[in-house]
Chemist: 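Input: one structure, supplied below.
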Amino acid sequence: MSYTVEKISGNQVKIAFEIASEKFDEAVAKAYLKVRGKVNVPGFRKGKAPRKLIESMYGEAVFYDEAFDILFPGEYEACVKENDLKVVDRPEVDEVEQIGCGQDLKFTVKVFVKPDVELGNYKGLKATKYVHKVTDEEIDARINQDVEKATTMADVTDRAVENGDIVNLDYAGSVDGVAFAGGTAQGQTLEIGSGRFIPGFEEQMIGMNLNEEKDLQVKFPEEYHAEELKGKDAIFHVKVNGIQMKVKPALDDDFAADVSEFNTFDEYKQNITKELTERADKNAEVALENELVQQAVDAADCDIPEAMIEDEIEIMLREMKMRMMYQGLRYEDYLKYTGQSEEQVKEMYQPEAKNRVKMQLVLEAMVKAEAIEVTEEEVEKATAEEAERMGREVEEFKASLNERQKEYLKENAAIRKVVDLVVDKAEVEVKDESERITAADAAKAVEEVAEAAQTEE
């Protein structure tokens, strides 16, 4: 076999194959053995008709398509491997120049490959790093998470229901004296003030005593999900079976020792402040990296094959379905509730998918342009970080990797280095997050100016 590979565009190659006649004749013989059982020849049982007879009845070319299909995969894969072609779509037979027994098989195919990338500027980019200063409110909110975990419940018998109490109750609802579906329950638990029930329901329970029964008058919201109850006045007969109150721990050294590795509350609070600050700094760094990488991507040019975008959309769709599954949702229900078809979802993902593909291609091109290589230590670090991200032990994770996965981690380590290079070479201005004006803020400001101008007129 001989072939020539010609690049006909930034993302497509043309391969001209020439396969020796002996090889094609051999493939035709195999095709005959494969096809003969499907051919009806009078006077012969299926599969027993001689090859020459079948060819005389249906023409010499009767086995050519099957012979081509037998030959092509192996010849094509060998060419792709030998030329290290990064194909991204199925090959398309462009032209069959010569085919026949006793003749060399000559044909050409076209196939899309990873496109050439024309890099723009990616050094000396300008961006602003917005640093978030952790507030006392955020620290208190984080401490409150531990408080909630350490909070216990205590039965209340000497007072009436108060806001924040957990009440066990029976209720029976009716509209115009008629009970409605879903309006009756026993032994239900309700936190007063949570807003879980119809407006006015929880507020009217405040002041009720243990075992007390009472009629609550409420009005269903106009936007209520049950059509027959929208805006209707209703009465709920309720009985208080039990009252519990939350007992929150005191914010002292004992609390700190119970919920953390620290012996004093001051140490515990300082560590929380440190964690929140580090997280805020990490978020600011990631946002800066994303901004600079996107600038480099926007400055580059490449003609992305549609197949690569479609593959990325499929990946995004699988990710979406997986997230829904974890949340207990069904993808089919999502389509039903949103009134979308899968094609519309794919169309929605198209711009992001295209950008994700382009970003990967640009980063790979930058790695190549900078001749970046990674050390064993850097690959080990990338592997450890991935294991941590997946919540697995490093050694167990490493043992589970196949060669392609190891290569993927190596490529990621190289991309990590090129991203660091882009950040190191950038002109970065550091500002407090309070100075940040988002696109939405800017649009709102423009709208307010326009409204003010109209008012003055």
Side-chain angles (χ1 to χ4, degrees), residues 7 10-11 83-88 112-131 278-305 307-309 311-313 315-316 319 351-390 394 397-398 401-431:
K7 196 144 196 176
N11 64 6
N83 289 271
D84 194 27
L85 298 177
K86 307 297 184 183
V87 299
V88 297
F112 285 101
V113 295
K114 275 191 175 182
D116 294 332
V117 177
E118 184 180 335
L119 291 172
N121 181 40
Y122 58 88
K123 296 178 183 178
L125 300 175
K126 295 181 180 180
T128 302
K129 180 179 178 179
Y130 291 97
V131 179
E278 288 176 350
R279 185 184 305 166
D281 290 345
K282 179 63 176 177
N283 290 341
E285 191 64 32
V286 170
L288 174 66
E289 288 178 359
N290 291 341
E291 166 65 19
L292 290 169
V293 168
Q294 190 61 55
Q295 285 186 37
V297 171
D298 293 340
D301 186 46
C302 62
D303 187 10
I304 305 173
M308 294 187 74
I309 300 172
D311 287 346
E312 191 64 31
I313 289 174
I315 291 172
M316 295 171 70
E319 291 172 349
E352 184 183 349
K354 183 175 182 180
N355 189 67
R356 279 169 60 160
V357 172
K358 185 179 179 183
M359 183 174 292
Q360 184 67 27
L361 291 170
V362 170
L363 288 170
E364 289 173 359
M366 288 160 59
V367 168
K368 186 176 180 180
E370 295 294 330
I372 287 178
E373 296 182 358
V374 292
T375 64
E376 285 297 324
E377 291 76 16
E378 289 166 335
V379 175
E380 286 289 325
K381 181 181 177 183
T383 303
E385 289 174 350
E386 183 67 11
E388 182 181 356
R389 188 185 70 82
M390 297 180 69
V394 176
F397 175 67
K398 285 169 63 176
L401 297 174
N402 58 38
E403 289 305 313
R404 181 65 195 96
Q405 290 168 327
K406 291 177 182 178
E407 187 63 26
Y408 171 78
L409 289 169
K410 185 176 180 180
E411 291 168 359
N412 271 6
I415 287 175
R416 176 70 261 168
K417 290 183 75 170
V418 85
V419 171
D420 290 342
L421 180 148
V422 171
V423 175
D424 290 341
K425 298 293 184 181
E427 297 179 26
V428 179
E429 182 179 6
V430 180
K431 289 185 178 182

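Bear in mind the structure is a predicted one, so any value in this text is a computation, not a measurement.
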Chemist: Report yes if the side chains of Asp116 and Lys7 come closer than 4.5 Å at any heavy-atom pair, otherwise no.
Modeler: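 Of all side-chain heavy-atom pairs linking Lys7 with Asp116, at least one is under 4.5 Å.
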Chemist: So, using side-chain hydrogen bond (donor to acceptor under 3.5 Å, both in side chains) as the criterion, who are the partners of Lys368 when residues are at least two apart?
Modeler: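 If we apply the side-chain hydrogen bond (donor to acceptor under 3.5 Å, both in side chains) test to Lys368, skipping adjacent residues, there are no hits.
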Chemist: Does some side-chain heavy atom of Glu386 sit less than 4.5 Å from a side-chain heavy atom of Asn412?
Modeler: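 A side-chain contact under 4.5 Å is absent here.
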Chemist: Can you tell me how far apart CD (Glu411) and CZ (Arg404) are? Round to the nearest 0.5 Å.
Modeler: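 Going from CD on Glu411 over to CZ on Arg404, the span is 5.0 Å.
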Chemist: Looking at residues at least two apart in the chain, or sitting in another chain, which of them share a side-chain hydrogen bond (donor to acceptor under 3.5 Å, both in side chains) with Lys425?
Modeler: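 Counting only residues at least two positions away or on another chain, Lys425 forms no side-chain hydrogen bond (donor to acceptor under 3.5 Å, both in side chains).
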Chemist: Not counting sequence neighbours, which residues clear side-chain hydrogen bond (donor to acceptor under 3.5 Å, both in side chains) with Lys358? List them please.
Modeler: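 Counting only residues at least two positions away or on another chain, Lys358 forms no side-chain hydrogen bond (donor to acceptor under 3.5 Å, both in side chains).
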Chemist: Verify the neighbour count for atom NZ of Lys410: are there more than 12 heavy atoms of other residues, nucleotides or ligands below 6.0 Å?
Modeler: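 Open.
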Chemist: Using salt bridge (Lys or Arg N to Asp or Glu O under 4.0 Å) as the criterion, list what pairs up with Glu118, not counting sequence neighbours.
Modeler: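 Glu118 satisfies salt bridge (Lys or Arg N to Asp or Glu O under 4.0 Å) with no other residue.
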Chemist: Just jot down the side-chain contact (heavy atoms from CB on, under 4.5 Å) partners of Ala369, sequence neighbours excluded, or say none.
Modeler: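 Leu119, Tyr122.
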Chemist: Determine the minimum heavy-atom distance between Ala296 and Leu125, stating which atoms define it.
Modeler: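 Nearest pair, atom of Ala296 first, then Leu125: N-CD1, 4.2 Å.
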Chemist: Run the side chain to side chain contact (heavy atoms under 4.5 Å, CB included) check on Val117 and Met366 step by step: do they pass?
Modeler: CA-CA 9 Å; Val117 177; Met366 288 160 59; over 6 Å; no
Chemist: Please enumerate all residues that pass side-chain contact (heavy atoms from CB on, under 4.5 Å) together with Lys354, with sequence neighbours excluded.
Modeler: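 Per chain and number, Lys354 pairs via side-chain contact (heavy atoms from CB on, under 4.5 Å) with Ile304, Ile309.
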Chemist: Would you say Gln360 and Ile415 make side-chain contact, with heavy atoms under 4.5 Å?
Modeler: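 A side-chain contact exists here, since the closest heavy-atom pair is under 4.5 Å.
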Chemist: Checking Asp424 now: which residues fulfil salt bridge (Lys or Arg N to Asp or Glu O under 4.0 Å) with it, not counting sequence neighbours?
Modeler: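 By the salt bridge (Lys or Arg N to Asp or Glu O under 4.0 Å) rule, Asp424 matches no residue at all.
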Chemist: Restricting to side-chain contact (heavy atoms from CB on, under 4.5 Å), what partner residues turn up for Lys114, sequence neighbours left out?
Modeler: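 Lys114 satisfies side-chain contact (heavy atoms from CB on, under 4.5 Å) with Lys86, Val88, Met308, Leu361, Glu364 once adjacent residues are dropped.
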Chemist: For the CD atom on Glu407, are there more than 12 heavy atoms of other groups (residues, nucleotides or ligands in this structure) within a distance under 6.0 Å?
Modeler: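 Above 12, so yes.
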Chemist: I'd like to know whether CD of Gln405 has more than 12 heavy-atom contacts from other residues, nucleotides or ligands below 6.0 angstrom.
Modeler: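 Atom CD in Gln405 is crowded, with more than 12 foreign heavy atoms closer than 6.0 Å.
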Chemist: Which donor-acceptor pairs under 3.5 Å do side chains of residues 282-294 form with protein atoms, sequence neighbours excluded?
Modeler:
{"residue": "Asn283", "atom": "ND2", "partner": "Arg279", "partner atom": "O", "Å": "3.4"}
{"residue": "Glu285", "atom": "OE1", "partner": "Lys129", "partner atom": "NZ", "Å": "2.9"}
{"residue": "Glu289", "atom": "OE1", "partner": "Arg416", "partner atom": "NH2", "Å": "3.4"}
{"residue": "Glu289", "atom": "OE2", "partner": "Arg416", "partner atom": "NH2", "Å": "2.8"}
{"residue": "Asn290", "atom": "ND2", "partner": "Val286", "partner atom": "O", "Å": "3.3"}
{"residue": "Glu291", "atom": "OE2", "partner": "Gln295", "partner atom": "NE2", "Å": "2.9"}
{"residue": "Gln294", "atom": "OE1", "partner": "Asn355", "partner atom": "ND2", "Å": "3.1"}
{"residue": "Gln294", "atom": "NE2", "partner": "Asp298", "partner atom": "OD1", "Å": "3.0"}
{"residue": "Gln294", "atom": "NE2", "partner": "Asn355", "partner atom": "OD1", "Å": "3.0"}

Chemist: Return the set of residues passing side-chain contact (heavy atoms from CB on, under 4.5 Å) with Glu312 (not counting sequence neighbours), or none when no residue passes.
Modeler: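 Glu312 satisfies side-chain contact (heavy atoms from CB on, under 4.5 Å) with Ile315, Met316, Ala353, Arg356, Val357 once adjacent residues are dropped.
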Chemist: On a heavy-atom basis, which atom in Val297 and which in Met359 lie closest, and how many Å separate them?
Modeler: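 Between these two residues, the closest heavy atoms are CG2-CA, 3.7 Å.
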Chemist: Checking Asn121 now: which residues fulfil side-chain hydrogen bond (donor to acceptor under 3.5 Å, both in side chains) with it, not counting sequence neighbours?
Modeler: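 For Asn121, no residue satisfies side-chain hydrogen bond (donor to acceptor under 3.5 Å, both in side chains) once neighbours in sequence are set aside.
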Chemist: Can you name the residues that form a salt bridge (Lys or Arg N to Asp or Glu O under 4.0 Å) with Glu380, not counting sequence neighbours?
Modeler: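 Counting only residues at least two positions away or on another chain, Glu380 forms a salt bridge (Lys or Arg N to Asp or Glu O under 4.0 Å) with Lys398.
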Chemist: For a 4.5 angstrom cut-off between non-hydrogen side-chain atoms, does Glu378 reach Lys381?
Modeler: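 When only atoms from C-beta onward are counted, Lys381 and Glu378 do not touch, as no gap falls below 4.5 Å.
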